[in-house]
Amino acid sequence: MTPTIEAPPVAEDEIAREPRALPYLFEIAPYVGGESKIAGANRVIRLASNESALGPSPKAMAAYREAAAGIYRYPDGASTDLRAAIARHFDIDAARVVCGTGSDELIGLLARCYAGPGDEVLYSRHGFLMYPIAAQAAGAMPVAAQETDLTCDVDSMLALVGPRTKLVYLANPNNPTGTYLPAEEVRRLHRGLPASTVLVLDAAYSEFVSAGDYESGLELAKSEANVVMLRTFSKIHALAGLRVGWCYGSAAVADILNRVRGTFNVALPAQAAAIASLADTVALDRARAHNERWRPWLASRLRALGLEVTPGVANFVLVRFGYPPRDPHAAFEFLRTRFILTRKVAAYHLPEHLRITIGTEEENRAVAAALADFMTAP
Ligand SMILES: *Cc1c(COP(=O)(O)O)cnc(C)c1O
């Protein structure tokens with residue numbers, strides 16, 4: 001194929017002495033994940049990354065082990081069996097499912113496919129940080145809409161939509177706030193967007209939500225050509241270390257993602273474990289019931305200490321500490337001395353808060369007891 005765009009001649013003084021990355025990439029503040037280790041401690045309570053409290057399905061682990069014998073082979077680059085399993089489970093069209101190396105890969109690819117220099121990518125102020133990062137990596141401008149009560153505000157989102165808005169990301173429920181938009185609000189957001197703007201509904205935590213007015217976005221993605229729903233195996237499926245996510249969109253969205261994604265993006269044992277996990281409804285129900293029991297428990301314990309807890313519906317709580325001496329930094333450090341890791345969320349414009357993942361019963365009791373000591377210490 002001959003190039004369709006002719007490169008302009010390069011002037012002598014434009015030739016750099018060393019390789020230079022695209023200048024707009026230097027505006028990205030690299031994503032910093034939750035801590036997972038404390039030097040010198042061999043047992044740490046990890047409540048910093050919204051990982052599963054109960055661990056993966058035994059069936060997923062067995063499938064992973066069994067797949068080990070085949071890891072000298074390339075995986076099926078089309079994730080055919082995994083897409084078929086997803087399609088059966090959700091009663092959707094396998095041809096419109098695209099699997100990724102975690103949903104992170106798909107978040108990034110959607111930005112690259114639909115936005116570039118001169119374009120805008122809309123998200124909400126306390127929305128997931130990967131959205132502005134993905135926009136900037138594509139050369140586009142991330143635009144943040146103000147929230148109301150730490151919840152996405154559809155009117156303020158729509159007020160920022162213009163001809164340059166190519167992509168809108170909404171995590172529902174959102175990380176790190178845990179709040180969600182009811183189905184009617186999501187639909188109103190969609191109705192207010194031009195048909196050419198892609199609405200990405202990130203449903204990473206949807207399995208934890210039991211509210212009657214909630215929808216994951218799957219129904220919208222089925223019928224609307226400009227809606228894409230994202231899912232992950234990292235949260236309720238407890239396979240964060242394997243990196244598997246997927247999305248559902250129109251045939252055109254699937255086609256473009258399949259052109260640009262990593263050819264063998266989902267590893268062979270990851271495909272096998274994800275298929276087994278999807279089938280283990282007992283493990284999924286247990287994880288959901290565990291969260292349903294312990295999230296309100298932890299929230300009420302912390303409220304009883306005088307802390308403000310955002311009413312969230314995912315597998316974590318967002319806790320407001322406020323000002324010194326009992327500010328989030330002091331709380332974070334205090335919890336660290338008890339070998340408990342939580343997440344600071346100042347990068348999300350929440351400098352007074354910590355995010356705490358729901359853990360096992362023992363872990364939840366440990367973090368509640370530690371914070372009781374922190375709040376009552378002289
Ligand atoms: C955890 C999370 C994801 C999942 O990312 P993976 O790459 O699939 O592990 C996606 N979106 C949000 C909002 C999350 O919090």
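Ligands are counted one by one from 1 in listed order, and the atoms in each one are counted from 1 as well. Quick note: residue numbers are just sequence positions, from 1.
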task = List every atom of ligand 1 that sits less than 4.0 Å from any heavy atom of Ala204, numbering the atoms from 1 in the order shown and giving each element.
result = 2 (C), 3 (C), 10 (C), 11 (N), 12 (C), 14 (C)

ask   = Which ligand 1 atoms, with their elements, are less than 4.0 angstrom from a heavy-atom of Asn175?
value = 13 (C), 14 (C), 15 (O)

inquiry  = Given Arg355, which partner from the list Asn175, Thr177, Thr310, Thr342 fulfils the side chain to side chain donor-acceptor pair (under 3.5 Å) test?
reply    = Asn175

ask   = So is Ser103 polar-close to ligand 1, meaning N/O to N/O under 3.5 Å?
value = yes

ask   = Should Ser234 be counted as touching ligand 1, given the test is an N or O pair under 3.5 Å?
value = yes

So for [X], does at least one of its heavy atoms come nearer than 4.0 angstrom to any atom of ligand 1?
X: Phe233; result: no
X: Asp202; result: yes
X: Gly245; result: no
X: Arg243; result: yes

ask   = Going by the angle between their ring planes, with limits at 30° and 60°, are Phe90 and Trp246 parallel, tilted or perpendicular?
value = tilted

key: Asn226 side chain vs Thr197 backbone, donor-acceptor pair below 3.5 Å   = yes

Backbone N/O of Cys247 and side chain of Arg231: donor-acceptor pair under 3.5 Å = no

query = What's the shortest heavy-atom distance between Ala276 and Ala63, and which atoms?
reply = CB-CB, 3.7 Å

task = Pick whichever of Tyr169, Tyr205, Phe128 has a heavy atom sitting closest to atom 15 (O) of ligand 1.
result = Tyr205

ask   = Out of curiosity, does Leu109 fall in the hydrophobic cluster containing Leu230 (side-chain heavy atoms, cut-off under 4.5 Å, transitive links)?
value = yes

Member of Val313, Asn174, Ile236, Asn50 meeting the side-chain contact (heavy atoms from CB on, under 4.5 Å) criterion with Tyr205 = Asn50

query = So which protein heavy atom does atom 3 (C) of ligand 1 come closest to, and at what separation?
reply = Lys235 NZ, 3.3 Å

